[in-house]
Protein chains: 2
Amino acid sequence: MKRTTIKDVAEAAGVGVATVSRVLSGGSASDETRERVLAVAAHLDYRPSALGRNLRQQRTGGIGLLLPDLTDPLYGGLAEGVLACARSAGEPVLVGSTGGDPEQESELIGMLLEQSVDKVVAVPSGDADTWGPALRTGMTVVFAGERPDEPTEEPVDDLLLLDGLRSRGGDLARAEGGIPTVLADDRSGVRTAVRYLRGLGHRRIAYLGGPGHSRRVSAFREALGPLVDDDLVVFAGGTRDAAYAAASGLFQSRPDLTAVLAGGNQLGEAAVLAARELDLRIPRDLSLVMYDDVPWAELCSPPLTVIAQPARDLGYRAAELVLRAGTRRPRSVLLPTELIVRGSCGPRR
Amino acid sequence: MKRTTIKDVAEAAGVGVATVSRVLSGGSASDETRERVLAVAAHLDYRPSALGRNLRQQRTGGIGLLLPDLTDPLYGGLAEGVLACARSAGEPVLVGSTGGDPEQESELIGMLLEQSVDKVVAVPSGDADTWGPALRTGMTVVFAGERPDEPTEEPVDDLLLLDGLRSRGGDLARAEGGIPTVLADDRSGVRTAVRYLRGLGHRRIAYLGGPGHSRRVSAFREALGPLVDDDLVVFAGGTRDAAYAAASGLFQSRPDLTAVLAGGNQLGEAAVLAARELDLRIPRDLSLVMYDDVPWAELCSPPLTVIAQPARDLGYRAAELVLRAGTRRPRSVLLPTELIVRGSCGPRR
DNA sequence: GTGAAAGCGCTAACAC
DNA sequence: GTGTTAGCGCTTTCAC
């Protein structure tokens, strides 16, 4: 099963390969030639080989997408966004699932490098060490949805708010070693949620977090101010089991808490399950706000009050950024979150 | 930012390029040379370019993955399976999301062709027409999770049951124009569910289906026998809205039905929502069995009784098949389903 | 306007 | 055991 090459087309059309190449990439050629070439190409069902082109041009085109887990609807949505953008640009997308493990992430970066993929959108799991090699090779990378935890998390508003609603000082790029990032506005999302909870009378509010939540946590601390109780800020590993264990442990050790903010949908799931197991009624005994407006939040009983992030947009914008890089100087972007009030929060009992 | 090539390594190691190539692909070389080459390669952080190799070898390697929607946890799980298998084989994966639209599917196939990807795993949306071009070009394709509807659906057990539990006559490959397929055992899954429902006393059982459900429907009809009521078998398009409309319409037009089998998790979601809207209590007024054991099924109230398909395995096995093709003669595979009884079904009232 | 030819990074013959 | 060389399919000078 031999593939039709540019040479075949050239021969069949009685022209040189260069002419075919020109015609197909919109270069100049006499109308007559162009027509003939096009006809022949169509007739032979010719498809230019991306392999040959890319090798020649020293750039693969195509964008890599690395994320922790395709099973999580948040990342699924983000992936859909990336795919949508890539498709409209005619670029193929190479995906890898890291399981939240920096080591696997590192391996996958290696694989992308090997494939000469030089544009990557990632929901990062590793830190600077993991991404160093990629950057050093000249990869264009854009982080989406999350960014690596930083040793010292300074409470600086260093992002450019989307739509120019508000321009903030500085540039995230610097802080990130030059990696543009598309994030949901966690600070505002968390603040809104905390205010809502406080408005309901809650004072003992817990944060149930996962890996990479330093920004959310700092926003949480900031929003809660002097009310923070460090024992009420707990972190779970990346797995469902770890999340459940953390939630269950938290609820058992601190029966005095009256509200929880779950930093992600898997954590929310764990919280619901753990609460049910311990016979804590939501929202009577415990108010719950969950990050991510996944479809089941509405089906849950009671329907869950959530902080919605624009999953798909996160991916779309990141892909845009990575494709535009070089043309436009990439800037980080903050996308708005929304508090969707449903039925999982009640007044402090 | 120039990439290190095999030539650089060769020069730095004082050997020819062929030697480097040999050493790196495990060919023969003297211990001394091998060591030196390896050392130099490591030192230069050399990564062989897949581009060069693939062009030379006339096969891209890498597998394409086409599915309707990454947002659906079923497909997410399937994708994870494919990725896991591909990774252990060191193959990159190119994904495309078709939105269930044959036209987009067709375009994406074209893109894969252009990339010289010759192995693809797909949850197909289109039919023989859509996949013809791919096959004609010599692509190895394996369908997973679903297969194109066939004009005449004959109730023949033409699949090889997994684990040799039971060997069935014939070979799906023929019926599918030679395309091996990895499916969940819908016949048995549906039969089990229907029996369960009938055991509970239900007689007016509806099937809420989506695109590509011909196998499930025929299994449903078979399991229900003379009890089938054609008005109780309804189909929705691929969107959430369509699913909701279908569910709502069904419930309103046929208040006499007492049980529903939703043929997919989005349909199940729609059914729960529509029932709630119409103030039908589950399971008191209406018993529900849903296809796919998604995480939220357990969080729903009441927790949903489901037919679980091994999403991840579906993908993993399909990837295995597509990678092994050529070596082993590909055979279609049926994976078992499981009825997980939770709280969404009750006795006929 | 068009063709010939170089060469992208790699592997597989083929010589030595 | 190792080096030389010829392409894989394509784009891109550079002559004509």
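By convention in this document, chain letters (A, B, ...) are assigned in the order of the sequence lines, proteins followed by strands, and residues within each chain are numbered from 1.
- Both G14(B) and L55(B) lie near DNA chain D, and the one whose nearest nucleotide falls closer to the 5' end is G14(B).
- In this structure, a donor-acceptor pair under 3.5 Å is present between the side chains of S116(B) and R3(A).
- Atom CG of L66(B) is separated from atom CD of E107(B) by 11.0 Å, given to the nearest 0.5 angstrom.
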Inset, instruction - List the steps, then state whether side chain to side chain contact (heavy atoms under 4.5 Å, CB included) holds for V182(A) with E320(A). - result: CA-CA 10 Å; V182(A) 179; E320(A) 256 179 354; over 6 Å; no

Legend entry - L112(B) and M139(B): CA distance, side-chain angles, deciding distance, side chain to side chain contact (heavy atoms under 4.5 Å, CB included) verdict: CA-CA 10 Å; L112(B) 293 178; M139(B) 256 188 181; 3.6 Å; yes

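- Put simply, CD on Q58(A) is 14 Å from C1' on dA6(C), counting in whole angstrom units.
- Across all non-hydrogen atoms, the minimal contact from A144(A) to V123(A) is O-CG2, 3.4 Å.
- On the nucleic acid side, DNA chain D has its first and last nucleotide under 4.0 Å of a heavy atom of chain B at dG1(D) to dG9(D), going 5' to 3'.
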Legend entry - Contact letters for nucleotides 10-16 of chain C, in which S counts primed atoms plus P, OP1 and OP2 and B counts the base, heavy atoms under 4.0 Å: BBBB---

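- Rounded to whole Å, the distance from CG on L113(A) to P on dG9(C) is 15 Å.
- Between K7(B) and E11(B) there is no salt bridge, since no side-chain N of the basic residue sits under 4.0 Å from a carboxylate O of the acidic one.
- The end-to-end axis angle of the helix from dG1(C)-dC16(D) to dC16(C)-dG1(D), rounded to 10 degrees and based on five pairs per end, is 40°.
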Inset, instruction - Please test V37(B) against V40(B) for side chain to side chain contact (heavy atoms under 4.5 Å, CB included), starting from the C-alpha separation and ending with a verdict. - result: CA-CA 5 Å; V37(B) 169; V40(B) 171; 5.9 Å; no

Legend entry - Check against side chain to side chain contact (heavy atoms under 4.5 Å, CB included), I6(A) and S21(A): CA-CA 7 Å; I6(A) 199 175; S21(A) 175; 3.8 Å; yes

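- Within the model, atoms CZ of R324(B) and CZ of R317(B) stand 9.5 Å from one another, a figure rounded to the nearest 0.5 Å.
- From L78(A), atom CG reaches atom OH of Y316(A) across 13.5 Å, with rounding to the nearest 0.5 Å.
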